[in-house]
Structures are given as C-alpha cells and as structure tokens.
> 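Below are the structure tokens for one structure; questions will follow.
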Amino acid sequence: MLRTHTCGELRAENVDQEVTLCGWVDSTRDHGGAVFIDLRDRYGKSQVVAAPQAGVPLVESASRLRSEDVILAKGLVAMRPEGTVNDKLSTGEVELRVTHLEILNRSRTPPFTPGQQDLPGEDLRLKHRFLDLRRPEVQRAMYLRSRIVKSMRDYFSEHDFLDIETPVLGRSTPEGARDYLVPSRVHHGKFYALPQSPQLYKQILMVAGYDRYVQVAKCFRDEDLRADRQPEFTQLDLEMSFVDADDVIGLIDGLVARLAAELLGMEVELPLPRLAYDEAMERFGDDAPDLRFGMELVDCTDLARQAEFRVFRGAADSGGRVRGFNAKGAAGEFSRKRIDELTDYVRQDFGAKGLAWFRVEEDGTLWSPISKNFSNELLVQFSERMEAEPGDQLFFVADSWDVTCKALAGLRRRLGAELKLYDENAMHFSWVVEFPMFEFDEENQRWNAMHHPFTAPRVEDVALLDESAASCRAQAYDLVINGSEAGGGTIRLHDCALQEKVFRLLGIDEATAQERFGFLLEALQYGAPPHGGIALGIDRFVMLFGGWDNIRDCIAFPKTQRASDMMTEAPGDVDASQLAELNIRTIPLSER
RNA sequence: GGGGCCGUAGCUCAAUUGGUUAGAGUACCGGACUGUCGAUCCGGUGGUUGGGGGUUCGAGUCCCCUCGGCCUCGCCA
C-alpha cells in the first residue's frame, strides 16, 4: 500500500506522525511561497501544505499541480495555526506538511471537476462517468446501495435462505415485456433471451426442495425508459415453499423495518399497513398510491346524475364516473393559467375530456365557470360530499372508470408535490393486496394475467375462475414506498390442473403452454410444494431511501432514455464477420 | 408511436421586437503573492450559437428537417 492513511482520516491525535496520503487534487491555492492542496479520495479531503521550509523545488512542483492529478504526499501531520482551522472539513483541524511529493499521474484538464458547484448537464456527466463517480453525491449513492444490498443479504442469510444463481441466457417467452435477444451461434436462427426475472427458475428450485432461495438478480426488459425504469435493473429475488401471502409479507415487513432502522435511523411500525386493490383504486385511483398525504378521491357520480351539466350527467348515465378531490385551502394557488395547464395535463396524458373545478368562496358557495349548470341545492350537496370549506379548491373528472382513475391519480400526485403536501424526508411503506387475477385487453379482446400466468387465485376465489374471471382476485402483493412500486410478488400455482385452467382462461392452449413452459408444467407434476415469493427493486430502494428522484443516480453506469451508454457508446456496430458467424443479416431502415 | 422542455466558450449561464464586433463567472495559459480553504490581484487565449436547409437587407432569436439529452402518455405479465 502506497498510503498509510486515507484523506478522510487525519485528526488531532495524528499530529507529529509521519504519514503518506494518496489521492486526487481537488483544488490548489497557490500563494507563491506556499501552496495549499486539498487532496481527495472517497473517504474525504485533507489539506496538504507545501511550505517554503520544504524547499523551493517541492513548492514549485506543488504549484504545477492541477485538478484531478493523482499524487502521493508524505510528511508530518501538524495542527493548523490558530485561526486557520476549517470546520467545514472533518479533517479541518490538522494539515499535512509535505516533505515528499510524488505525481503518480497527471490528469488532462477535466471537462468538469467533482467539486464544482454548478452541476454539469447529465449527458456530460454520463459521458465522463469516471469523473462523475468521484462526486461525493454519487459516492453517497454507491455507498447506500452497497449497504442496502449487504443488509438484505445478511437478513436473508440469517433466515436460512440459500443464494443460488440462475442463468442469464434463457428462453424467450412472449408474455410480458419485450425480451432482449441473444443470437445463438451453434443453433442456426435460434435465440436466447435475457431474463425479465428469474421467475420460472426459482419455481423450479422450489420443486427441487430448495425451500428458501434468494438472489441479487440482474433483469432485462426492452421497453421504453422512465425516470424510475432502466432496461437492465437489479432485483432482490426470493422464493419460499410452504408459505402463504402473509408469510412472505411478514418476512419483508421485517426487512423493511431493519433497513429503515439501519440506514435511516427510522423506526417503522409493523405490520405495514395493507390496502386492498379495489380500495386503493377507489380512494386514490392508483395501485401504488402515495400515502404520505391525503387528498383522497371522492365519488360524486350519483350527484352528477342530477346535474344539468351535460358533461357530468353524460358520464354518469353512460356507466362512467364523476370523481374528484379537495385541494384543502389551496384555492389561492390556482390561477386560470395554472388550471389550463392542469387541464392540458389530464387531457394529453390520460385522455380525459376535461377538468372541472370549483373554488369555495368566503361564504361557502361553490364558484366555477360551470356552476350555472347546477342548481344551488345540488351545489350544496357537492360541497357537503367534498367537505368543502372556504378557501378550498375542488377538482373533478367525469369520464370512464379507467380515465377517472388515471387522470385523478396523476393529478393528485402532481399537486401533492407542487403543493408540498408532505415532508420530503418522510418515508411511507405499505402493501397493496388482493389484485385482480386478470385484466381485460380491449385491443385484443382477451384476458391477460395482471401479474403473471403462474399466479394463484385466492382460495375463496377459485370457483370464480369458471363464473366471472373479472372478479377473481389473486394472491398477489405489491410493496409501495412513497407512491412507488418497490416490489411485488405472488403465491404461485403449484397445482397442475388449476394452472391449466388459468392458461385456458388466458387463451393459452395446451400446445402453446407445453411449448413455452413445458418444463415447469412437468416439474409441477413431480411433487411441487406450495410456494410463493417476491422481488424487490433494488435500484428503486436505493433511490427512495436516498431521496433521489431518478434511478440513474443510483446506478454506477446507467443508460440514457434511448437505452444507450454515453461512455461506451453501446449499443455499437459489430463486424460483418461477427454477424455472418451468427447467421444474421440486418435490414436497412429504408426497407422496413 | 404521441405530447412537452432543453441544446450559446472546456463548464454554468446571459444576449431587448429579428439589428453594431455574441458577453459574464469559472476553468485554462502567463505574471504577482508565505496561511489559504469558492484564496486574492493583473493580463491573455478561448465561439461552426448541436447539425442541415429556408424566410429576411440582416437570424443565437422566426419556419422546416435532423441529431442528442430530460420529463411524460402508450408500453413495462
């Protein structure tokens, strides 16, 4: 080891010791006779002083140092002179009086420095990620991520889980997300797929008797990106045998409490609250509601039916809903311009036909450009239903059930943030349970599995498989943190007959099922235990625990929205010979 | 595939209604300086205004196309 200490380590008790530091030049202050160097590594910063006593050549050498040069500095630790202590630095009481200075490597003038106050654009930071990763804020993310993964591994290890790796090169299954494909050289015209999750393998492991499996698994989905979605991401994946949903939820409750305590010093009350899917949709229009604040949805469909206002009555009469929420005391926040923006938002993003609103006046009456379409008695009823008080602002969407959910959930989230309805440091953990088994795919006129086709229905709902698929609920559970889906799992079908029934409902015939999941169906016939599990999104955990609003900040080498890597410039071209070996020919864009 | 925001010096930003030679801070280069810590002071280099086309007497500014980044709807079992 070239160094004896790190740059974050030196304190008053090290005074008079001869030490050697290695690190990057964070900044220099050249006074001619003396040069001050802030030397940085991932542990902190120390001031290194090249003073005249050390000799002219050393001072001259120090004066030529520039940002991000890598140096070795050897010398004596000394107390700083009175009045020059820097209390912004943990090492600020002392300094290293250098006697030997070695330049281990020069740096080109960097496009940005880790210490600069104006953060450069994200594209530049990603292009020079090796510089960006030197920034303390990014290091905080990498540190937190490492701590979270370690805590998770410790926790599951203590609970007798076995860490087992599953293949990355697997078989494509057309359900779910688009697969990333890998061509096979050996098998002409055939492809592997990268896993969207280790789902089937972990079920096989249960059949094989490894009754507690866990893995930190890379997963791949070739879908469009978002602030909280990357094409490759990491899951803490686990599966257990002989358990029901409560067992899995209880286990994760314990993990969440431990992570909150260890990493945030926060006490979380257990069990975590649970919300049924139907209730979540009714109260928040959202299957991952942000419970850090209220502003719940209120149904006024029955009142709307009595209104002259055609938009309201029409939605109510045609099987839709009229729902809204009350932005308490916020009437002053909504200029016409802002309301127009919000109207555009629900129209553009969720297909709502419009956004109705009322301002609650000083005398308690509701005022709105549309209020002349309502009788006074009806307005009073709306007002009572919405618990309206002077200064409140009411918003309503009249549309299909689906659109009222999406539009009001989006609006509620947006206004929750804009009106600062919650403490940014607050953490709220909860479960959403009792998801429907199926959702109807309007486009293809068929049922789809809401979670995946191996999900078990609730025991009391099994009979509904024959009668009414729509009302059949699954043994599924999602972990929600601050309105983000941070994890999700199910109890699986371990009964072959039931599994086949579900396949039939999903329109997957015997032959297709055999072709795609034959190995699972076969395994289920050789003594498959009841089993279930969950996968937690590690990137999102880091993002939420660390207070970032962007998953890229929590990944060492993330991809841009168009799924490219600005540093390596992946994806890139390959040689024609490589393609030839794989029997692949690309089609020019013009011929598509 | 749709909607929105953005792109000016290495970096962060400014530039009146379309109007003189596109500016500032910082970085960089040179000089001064022995206690600074966003060091200070003096001087200097640095521009295809992302790219292409158009409108105009005149375009960083307006229009069209295109490249790239971000947010979002669709998509993500």
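Side-chain atoms are counted along with the backbone in the values below, which use heavy atoms only and exclude waters and symmetry mates. In the text below, chain A, chain B and the rest are named by the order of the sequence lines, each starting its count at 1.
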> Has A:Q445 got more than 12 heavy atoms of other residues, nucleotides or ligands less than 6.0 Å from its CD?
yes
> Between A:R66 and B:C29, is there a side-chain N or O to OP1/OP2 distance below 4.0 Å?
yes
> Check this for me: does any side-chain nitrogen of one of A:E68 and A:R106 sit under 4.0 Å from a carboxylate oxygen of the other?
no
> Partner of B:G68 by Watson-Crick or G-U wobble geometry, both contacts under 3.5 Å, or none?
B:C6
> If you pin A:D228 and A:D118 to their nearest nucleotides in RNA chain B, which one's is more 5'?
A:D118
> Take atom P in B:G10 and the same atom in B:G35, then report the distance between them in whole Å.
35 Å
> What do you reckon, is OH of A:Y192 surrounded by more than 12 foreign heavy atoms closer than 6.0 Å?
no
> Which of these passes side-chain contact (heavy atoms from CB on, under 4.5 Å) with A:F435: A:D287, A:T490, A:D278, A:T455?
A:D287
> Would you give the length of the straight line joining atom CG of A:D38 to atom CG of A:D26, rounded to the nearest 0.5 angstrom?
6.0 Å
> Can you tell me how far P in B:U20 sits from the matching atom in B:G31, rounded to whole Å?
38 Å
> Pairing check on B:G19: which nucleotide meets the Watson-Crick or G-U wobble criteria with it, both distances under 3.5 Å?
B:C57
> At 4.0 Å (heavy atoms only), tell me whether A:R413 reaches a base, stays on the sugar-phosphate, or touches nothing.
nothing
> What verdict does the salt bridge (Lys or Arg N to Asp or Glu O under 4.0 Å) test give for A:K218 and A:D237, after you've listed the backbone C-alpha separation in whole Å, the side-chain angles of each residue and the deciding distance to 0.1 Å?
CA-CA 10 Å; A:K218 265 291 179 79; A:D237 188 50; over 6 Å; no
> Rounded to the Å, how far apart are A:F112 CZ and B:U12 C1'?
13 Å
> For RNA chain B, what residues of residues 560-570 of chain A have any heavy atom nearer than 4.0 Å?
A:T560, A:Q561, A:R562, A:S564, A:M566
> Can you tell me the Watson-Crick or wobble partner of B:G30, both distances under 3.5 angstrom?
B:C42
> Under a 4.0 Å threshold between the charged nitrogen and the carboxylate oxygen, would A:R125 count as salt-bridged to A:D553?
yes
> Could you tell me the Watson-Crick or G-U partner of B:C37, where both distances fall under 3.5 Å? Say none if there is no partner.
none
> Would you call A:K406 and A:D402 a salt bridge, using N to O less than 4.0 angstrom?
yes
> Just call it for A:P453: base, sugar-phosphate, or nothing, with non-hydrogen atoms closer than 4.0 Å on any strand.
base
> Expressed as a whole number of Å, how far does the P atom of B:C5 sit from that of B:G44?
41 Å
> Check whether any side-chain nitrogen or oxygen of A:R226 sits under 4.0 Å from OP1 or OP2 of B:C73, and answer yes or no.
yes
> Treating primed atoms plus P, OP1 and OP2 as sugar-phosphate and everything else as base, which nucleotides of nucleotides 32-37 of chain B get B, S or - for protein heavy atoms under 4.0 Å?
-BBBBB
> Between atom CD in A:E68 and atom P in B:C11, what is the gap in whole Å?
16 Å
> Please tell me if A:R229 has a side-chain N or O lying less than 4.0 Å from either OP1 or OP2 of B:G74.
no
> Of A:P120 and A:G176, whose nearest nucleotide on RNA chain B comes first from the 5' end?
A:P120
> Check the distance between B:C5's P and A:D344's CG and give it to me in whole angstrom.
11 Å
> Sticking with atom P, work out how far B:G7 lies from B:G60, rounded to a whole angstrom.
15 Å
> Rounding to an integer number of Å, can you tell me how far A:D549 CG sits from B:C70 P?
13 Å
> Using atom C1' in both nucleotides, what's the gap between B:A22 and B:G30 to the nearest angstrom?
26 Å
> Would you classify A:L126 as touching base, sugar-phosphate or nothing, given that sugar-phosphate means primed atoms plus P, OP1 and OP2, and contacts are heavy atoms under 4.0 Å?
nothing
> Using a strict cut-off of less than 4.0 Å between a Lys/Arg side-chain nitrogen and an Asp/Glu carboxylate oxygen, indicate whether A:D399 and A:K353 qualify as a salt bridge.
yes
> I need the CG-P distance between A:N448 and B:C75, as an integer number of Å.
11 Å
> Between B:C67 and B:A27, how many Å separate the two P atoms, rounded to a whole number?
37 Å
> Please state how far atom CZ in A:R347 lies from atom P in B:G3, giving the value in whole angstrom units.
17 Å
> When the C1' atoms of B:C13 and B:U49 are compared, how many Å lie between them, rounded to an integer?
13 Å
> Scan every strand shown for a Watson-Crick or G-U wobble partner of B:A24, both distances under 3.5 Å, and answer none if you come up empty.
B:U12
> Considering only side-chain heavy atoms of A:T109, which listed nucleotide, B:C11, B:C28, B:G1, is closest?
B:C28
> Looking at B:C76, which nucleotide sits across from it as a Watson-Crick or G-U wobble partner, both distances under 3.5 angstrom, or is there none?
none
> Would you mind classifying the nucleic acid contact of A:G121 as base, sugar-phosphate or nothing, using non-hydrogen atoms under 4.0 angstrom?
sugar-phosphate
> Report which part of the nucleic acid A:L225 touches: base, sugar-phosphate, or nothing (heavy-atom distance under 4.0 Å, all strands).
nothing
> Could you tell me the separation between the NE2 atom of A:H452 and the C1' atom of B:C76, rounded to a whole number of Å?
15 Å
> Quick one: does A:D41's side chain have a donor or acceptor within less than 3.5 Å of a partner on A:C7's backbone?
yes
> In terms of relative ring orientation, are A:H128 and A:F130 parallel, tilted or perpendicular, with 30° and 60° separating the classes?
perpendicular
> Give a yes or no on whether a donor-acceptor pair under 3.5 Å exists between the nucleobase atoms of B:G74, that is its base, and the side chain of A:D224.
yes
> Let me have the donor-acceptor pairs involving side chains of residues 511-520 of chain A, under 3.5 Å, with sequence neighbours excluded, atom names and distances please.
from: A:T512; atom 1: OG1; to: A:D509; atom 2: OD1; distance (Å): 2.6
from: A:E515; atom 1: OE2; to: A:R171; atom 2: NH2; distance (Å): 2.9
from: A:R516; atom 1: NH1; to: A:E175; atom 2: OE2; distance (Å): 2.7

> Considering only atom C1', compute the distance from B:G46 to B:C28 and round it to an integer number of Å.
9 Å
> When the distance from CD of A:E439 to C1' of B:G74 is rounded to whole Å, what number comes out?
14 Å
